[in-house]
Amino acid sequence: MSWAENRIAFITGATSGFGEAFARRILAGGGKVIATGRRADRLEALAASGDGRVLARVMDVRSTDSIAAALADLPAEFQAIDILFNNAGLALGLGKAHEAVLDDWETMIETNIAGLARVTRAVLPGLVARNRGDVLNVSSVAASYPYAGGNVYGATKAFVRQFSLNLRADLLGTKVRVTSVEPGMCETEFSLVRFAGNESAAGNVYQGMKPLSADDVALTLESVLRLPPHVNVNTIELMPVQQAFAGFAVDRSGA
């Protein structure tokens, strides 16, 4: 039996990046996917390639009603969700805190924190009732290593990690596993979104180095899911070889 056979993954942000790559990993492993996101055309393209094993649902994690609609009236063959991949999230801007756009902060908080919490609350009871499954939450190395301009984005990802650990505490006594996955520099649409579609600025982020790919992250998640069911990976941090966390920032402009 293939590693994901008989498994059903509910994926947020499945229209690109980590979400799409992980969906394709699940499909290659023999599983089914409920693919959610805001871009219907991309969801339809993913579903068309899924041989009947992808259910596409347009959904915005910022809306409780949208989440409820996505989970309503699931076909019988998609009801027993046992993988929740909380992937939807974004970074906006790179301005310092005293110069940042407040709307950007609020959008990140609403998506990365509130949206993730809403989806988890909607899906988790089913995993607990069936006493099996995995919750995979996308955090970031920004949760551990602050950088200028990462203010609210890094703080939202620190929430994701702590929320994941607290879920583990609440789920003690069940067979539901929880992992916070914390990638470093990865070339997806992430920087394009952060810089409001400025391809030059986004490209400069990865200039002269080889970043992670979305499939690198999806492969890492597959390795977590392949572990024996009694093994829980609490957090997993990965970076490209050309990125490191060392080095203090020092202002030398004068005392």
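What you are looking at is a predicted structure, and each value in this text was computed from that prediction instead of being measured.
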Q: Are Val54 and Leu136 connected, step by step, through hydrophobic side chains (Ile, Leu, Val, Met, Phe, Trp, Tyr) whose heavy atoms are closer than 4.5 Å?
A: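 Linked within one cluster.
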Q: Is there a side chain to side chain contact (heavy atoms under 4.5 Å, CB included) between Asp134 and Phe85 once you walk through the steps?
A: CA-CA 8 Å; Asp134 291 86; Phe85 184 36; over 6 Å; no
Q: Are Trp3 and Leu221 connected in the hydrophobic side-chain network, where two residues link if heavy atoms are under 4.5 Å apart?
A: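 Linked within one cluster.
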Q: Would you give the length of the straight line joining atom CZ of Arg7 to atom CG of Asp82, rounded to the nearest 0.5 angstrom?
A: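 One gets 4.0 Å once the value is rounded to the nearest 0.5 Å.
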Q: Kindly work out whether a path of hydrophobic side-chain contacts (I/L/V/M/F/W/Y, heavy atoms less than 4.5 Å apart) joins Val231 to Leu127.
A: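 As far as the 4.5 Å side-chain criterion goes, Leu127 and Val231 are not connected within one cluster.
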Q: Consider only side-chain N and O atoms of Asn137 and Ser164, and report whether a donor and an acceptor are under 3.5 Å apart.
A: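 Their side chains do contain a donor-acceptor pair, which is all the 3.5 Å distance test asks for.
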Q: Any chance CZ of Arg38 has more than 12 other-residue heavy atoms, nucleotides or ligands included, within less than 6.0 Å?
A: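 Count not over threshold, so no.
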Q: Is Leu172 atom CG crowded by more than 12 heavy atoms from other residues, nucleotides or ligands, each under 6.0 Å away?
A: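 At most 12 heavy atoms, drawn from other residues, nucleotides or ligands, come within 6.0 Å of this atom.
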Q: My understanding is that only residues two or more places apart in sequence, or in another chain, count here; which of them pass side chain to side chain contact (heavy atoms under 4.5 Å, CB included) with Leu212?
A: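 Checked Leu212 against side chain to side chain contact (heavy atoms under 4.5 Å, CB included); matches are Pro183, Cys186, Asp216, Leu238, Pro240.
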Q: Under 3.5 Å, side chain of Asn151 to main-chain N/O of Gly95, donor-acceptor pair present?
A: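 Yes: the side chain of Asn151 pairs with the backbone of Gly95.
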Q: In Å and rounded to the nearest 0.5 Å, what is the CG to CG distance from Leu43 to Leu55?
A: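 Here the rounded value is 10.0 Å.
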Q: So that I can tick it off, tell me whether Lys32 and Glu77 are bridged by a salt bridge, with the cut-off set at under 4.0 angstrom between side-chain N and carboxylate O.
A: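 Between Lys32 and Glu77 there is no salt bridge, as every charged N stays at least 4.0 Å from the carboxylate O atoms.
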Q: Are Phe163 and Phe159 close enough that their ring centers fall under 6.0 Å?
A: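 That pair passes the under 6.0 Å test.
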Q: Just verifying a value: how many Å separate Ser191 OG and Asn204 CG, rounded to the nearest 0.5 Å?
A: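 Those atoms lie 10.0 Å apart.
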Q: Between Ser213 and Asp215, do the side chains contain a donor N or O and an acceptor N or O under 3.5 Å apart?
A: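 Note: Asp215 and Ser213 side chains miss the donor-acceptor criterion.
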Q: So do the side chains of Tyr153 and Leu92 get within less than 4.5 Å of each other, counting heavy atoms only?
A: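 Contact flag for Tyr153/Leu92 side chains = no.
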Q: Out of curiosity, Arg132 CZ to Lys175 NZ, how far, rounded to the nearest 0.5 Å?
A: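 Reported value, rounded in 0.5 Å steps: 11.0 Å.
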Q: With sequence neighbours excluded, what pairs up with Leu94 under the side chain to side chain contact (heavy atoms under 4.5 Å, CB included) test?
A: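 Side chain to side chain contact (heavy atoms under 4.5 Å, CB included) check on Leu94 returns Tyr147, Arg194, Phe195.
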Q: Donor-acceptor check, side chain of Thr36 to backbone of Met59, threshold 3.5 angstrom: yes or no?
A: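 Judged by distance alone, no pair lies under 3.5 Å.
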Q: Just so I know, are the side chains of Phe18 and Val138 near enough to count as touching, which here means a heavy-atom distance under 4.5 Å?
A: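 Touching, per the 4.5 Å side-chain cut-off.
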Q: Do Val119 and Val135 share a hydrophobic cluster, counting only Ile, Leu, Val, Met, Phe, Trp and Tyr and linking them when any side-chain heavy atoms are less than 4.5 Å apart?
A: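 Same hydrophobic cluster.
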Q: Measure the CG-OG distance between Leu192 and Ser200 for me, rounded to the nearest 0.5 Å.
A: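 Here the rounded value is 11.0 Å.
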Q: Is it the case that the side chains of Tyr145 and Glu237 hold a donor-acceptor pair, with the cut-off being a distance below 3.5 Å and no angle test?
A: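 Short answer, yes.
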Q: Going by side chain to side chain donor-acceptor pair (under 3.5 Å), Asn112 matches just one of Thr156, Asn86, Thr107. Which one?
A: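 The option that passes is Thr156.
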Q: I'd like to know if the side chain of Ser223 reaches the main chain of Thr220, judged simply by a donor and an acceptor atom lying under 3.5 Å from each other, with no hydrogens or angles considered.
A: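 Indeed, once roles are kept as given, a pair shorter than 3.5 Å links the two residues.
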Q: Give a yes or no on whether the backbone of Gly31 and the side-chain of Arg53 come within a donor-acceptor separation of less than 3.5 Å.
A: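 Here the side-chain-to-backbone pair exists.
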Q: Does Thr111 use its side chain to pair, donor to acceptor, with the backbone of Met108 at less than 3.5 Å?
A: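 Here the side-chain-to-backbone pair does not exist.
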Q: Please report the C-alpha distance between Glu110 and Arg118 in whole Å, then the side-chain angles of each, then the deciding distance to 0.1 Å, and finally whether the side chain to side chain contact (heavy atoms under 4.5 Å, CB included) criterion is met.
A: CA-CA 10 Å; Glu110 187 64 20; Arg118 289 188 190 101; 2.4 Å; yes
Q: Can you list the steps and then say if Thr15 with Arg39 is a side chain to side chain donor-acceptor pair (under 3.5 Å)?
A: CA-CA 7 Å; Thr15 56; Arg39 291 176 284 189; 3.1 Å; yes
Q: If only atom types and distance count, is the side chain of Arg130 paired as donor or acceptor with the main-chain N or O of Ile81 below 3.5 Å?
A: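 Indeed, once roles are kept as given, a pair shorter than 3.5 Å links the two residues.
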Q: Can you tell me if CD on Glu99 sees more than 12 non-hydrogen neighbours from other groups inside 6.0 Å?
A: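 Check passes, neighbour count above 12.
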Q: Should Val160 and Leu165 be regarded as members of a common hydrophobic cluster, given that ILVMFWY residues are connected when their side-chain heavy atoms come within less than 4.5 Å of each other, either directly or indirectly?
A: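 Looking at the clustering, Leu165 is in a separate group from Val160.
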Q: With side chain to side chain contact (heavy atoms under 4.5 Å, CB included) as the criterion, how do Ile11 and Leu84 come out once you've worked through the C-alpha distance, each side chain's angles and the decisive distance to 0.1 Å?
A: CA-CA 6 Å; Ile11 302 175; Leu84 169 58; over 6 Å; no
Q: Please round to the nearest 0.5 Å and tell me the distance separating atom OH of Tyr206 and atom CD of Glu187.
A: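 Tyr206 OH to Glu187 CD: 6.0 Å, rounded to 0.5 Å.
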Q: Would you confirm whether Asn232, through its side chain, and Val178, through its main-chain N or O, come within 3.5 Å as a donor-acceptor pair?
A: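 Here the side-chain-to-backbone pair exists.
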Q: With distance as the sole test, does Thr188 use its side chain to make a donor-acceptor pair with the main-chain N or O of Phe190 at under 3.5 Å?
A: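 Present.
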Q: Tell me, please, which residues at least two apart from Arg24 pass side chain to side chain contact (heavy atoms under 4.5 Å, CB included).
A: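 So Arg24 forms a side chain to side chain contact (heavy atoms under 4.5 Å, CB included) with Glu20, Leu46, Ser49.
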Q: Give the C-alpha distance, both sets of side-chain angles, the deciding distance and a yes or no for side chain to side chain contact (heavy atoms under 4.5 Å, CB included) between Gln79 and Ile8.
A: CA-CA 8 Å; Gln79 287 181 3; Ile8 301 169; over 6 Å; no
